[in-house]
Amino acid sequence: MKGLLLRLSALDADAAAALRVIAHFEALLGAGRLDTESLVRSTAGLAECPAGLEVGGRVVRFGPAGTVPAGPVGTVSGSAEFAPGGRVWLERAGAPGPFDELVLEWMAIAAGVVHGSREQDSAPHQVADPALVERVLSEREAVEDRARALRLLGLVPEQPLRVIAVAGASSVAVLGRRELRPGVRVAAVGPLAVALVPGAASAADELRAFLREQGTEGGVRIGVGGSAPALDAGVSWAQARLALRFAVDVAGLPDEAVVDHDTLGPVALLADIPVDRLRAQPDVRALAELAEGKGGPAALAALTAFLRTGSLRHAATDLHLHHSSVAARLAGVETALGYRLSDPQDRFRAQLALYALRLADEG
């Protein structure tokens with residue numbers, strides 16, 4: 001853990017902060033003999049504000065200096081529940097901190113452990129040493145070295161896994177959440193957050209649901225690689241990064257931020273086209289010029305929603321707009337492209353141009 005924390009100083013500040021939150025609670029859980037007072041006191045110090053826990057009618061509170069606050073509970077800026085019938089919270093006079101939700105989730109997990117409620121199969125994610133993760137993902141490393149790294153990470157070399165790549169200021173916080181599934185190993189590799197997800201099943205739908213329900217700030221984009229033997233995780237890693245190029249942060253359309261490589265099919269071949277050629281294609285150039293003009297992002301959002309849903313009204317619902325507003329924006333897109341989106345062939349053409357624009361922008 002000490003070696004991992006030293007590495008955090010070289011990472012993006014937000015990613016480092018999220019990793020520190022997760023690592024803090026993992027250290028508490030791994031130390032043994034954790035009690036309620038120690039949990040609340042350490043959380044208050046981490047969050048730099050008073051923290052509290054209530055279960056069975058007993059309330060425990062500590063301030064950031066490690067002392068019991070005088071007076072009643074202050075302004076509760078955020079809380080989380082844990083079984084059996086418990087609750088944890090933070091007390092801030094102002095708005096919640098950027099990682100308070102993550103702190104509260106992990107505090108609740110730890111509180112469940114203290115009070116004996118967590119089952120063995122619901123273990124939270126682990127922050128992994130980036131050096132080990134990089135070794136697992138590298139196709140240049142010897143097979144025996146990758147196998148050893150997998151075992152040190154608590155993964156089975158003979159079983160399948162998927163690699164998830166996340167870009168954005170709160171990327172590590174997204175992967176650090178418990179909802180994704182147990183057994184996930186999370187690390188930062190270069191500018192990206194990476195998750196090694198045991199099993200063959202895709203987590204794309206879970207991630208989309210999370211973004212829809214919780215929302216994120218900072219333009220999070222997620223690429224999900226295909227299932228591969230753990231020893232060949234580099235294949236899934238390459239697919240995850242390719243899928244990430246197709247992902248885009250569009251206001252009101254969180255599903256567009258998550259792309260599963262398995263669902264791309266032959267569209268993935270667009271990534272083999274040189275970026276300069278993509279940018280020079282007339283339809284792509286037209287969309288790029290539209291995006292740079294007044295109202296351009298809104299027009300592209302309307303196009304994205306319409307192509308995804310196939311319906312003007314469904315697109316309007318997703319964007320929380322009246323259908324006439326979406327129709328007006330699509331009319332501007334048709335003017336820029338020079339063809340009608342009512343024609344199936346032209347819709348297919350527009351979808352390819354939209355994909356190509358994403359690839360060109362990421363290139």
Side-chain angles (χ1 to χ4, degrees), residues 202 204-205 207-208 211-212 219 221-226 238-363:
S202 174
D205 288 342
L207 289 164
R208 292 189 186 104
L211 293 182
R212 284 195 299 270
R221 297 180 300 109
I222 303 174
V224 180
Q239 293 173 346
R241 285 178 292 159
L242 189 152
L244 185 63
R245 294 182 61 194
F246 284 91
V248 64
D249 176 43
V250 178
L253 301 175
D255 285 2
E256 293 292 325
V258 182
V259 175
D260 187 337
H261 183 273
D262 287 351
T263 66
L264 287 174
V267 172
L269 297 176
L270 285 174
D272 294 335
I273 301 174
V275 170
D276 289 344
R277 290 190 61 189
L278 291 174
R279 290 173 178 158
Q281 203 281 327
D283 288 1
V284 178
R285 191 169 60 247
L287 288 181
E289 292 173 354
L290 176 66
E292 293 173 357
K294 183 178 180 180
L300 287 187
L303 175 62
T304 300
F306 176 70
L307 293 175
R308 183 180 185 86
T309 64
S311 162
L312 184 64
R313 292 189 179 274
H314 289 164
T317 298
D318 284 354
L319 293 170
H320 306 289
L321 295 170
H322 192 273
H323 65 87
S324 61
S325 298
V326 176
R329 295 176 184 182
L330 291 178
V333 173
E334 290 178 329
T335 298
L337 291 174
Y339 50 78
R340 307 290 293 177
L341 295 172
S342 57
D343 181 87
Q345 182 63 30
D346 285 341
R347 287 199 300 274
F348 175 71
R349 179 177 168 180
Q351 182 68 78
L352 283 181
L354 193 60
Y355 281 141
L357 178 65
R358 296 179 185 181
L359 292 171
D361 287 344
E362 283 301 300

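It should be emphasised that the depicted structure is a prediction, and the values quoted were computed from it without experimental measurement.
- Not counting sequence neighbours, the partners of Ala301 by the side chain to side chain contact (heavy atoms under 4.5 Å, CB included) test are Val250, Leu319.
- The environment of NE2 in His323 is crowded: more than 12 heavy-atom neighbours from other residues, nucleotides or ligands sit within 6.0 Å.
- In this structure, the side chain of Thr335 engages the main chain of Ala331 through a donor-acceptor pair within 3.5 Å.
- Judged by distance alone, with hydrogens and angles left aside, the side-chain atoms of Arg221 form no donor-acceptor pair with the main-chain N or O of Val258 at under 3.5 Å.
- Listed by first and then second residue, the ring pair (Phe, Tyr, Trp, His ring centres under 6.0 Å) pairs involving residues 275-306 amount to none (not counting sequence neighbours).
- Gln281 has its side chain out of reach of Ile273: every pair of non-hydrogen atoms, C-beta onward, lies at least 4.5 Å apart.
- Ala360 and Val275 make their closest contact through O-CG1, 3.7 Å (heavy atoms, listed as atom of the first residue, atom of the second, distance).
- Using a 4.0 Å cut-off between charged nitrogen and carboxylate oxygen, Arg358 and Asp361 do not count as a salt-bridge pair.
- Here the side chains of Leu312 and Leu330 are in contact, with some heavy-atom distance below 4.5 Å.
- Considering only residues two or more places apart in sequence or on other chains, Ala268 meets the side chain to side chain contact (heavy atoms under 4.5 Å, CB included) condition with Leu242, His261, Leu264.
- Looking at heavy atoms from C-beta onward, Leu357 lies in side-chain contact with Leu300 at the 4.5 angstrom threshold.
- The heavy-atom pair separating Leu341 from Arg347 by the smallest distance is O-CG, 2.7 Å.
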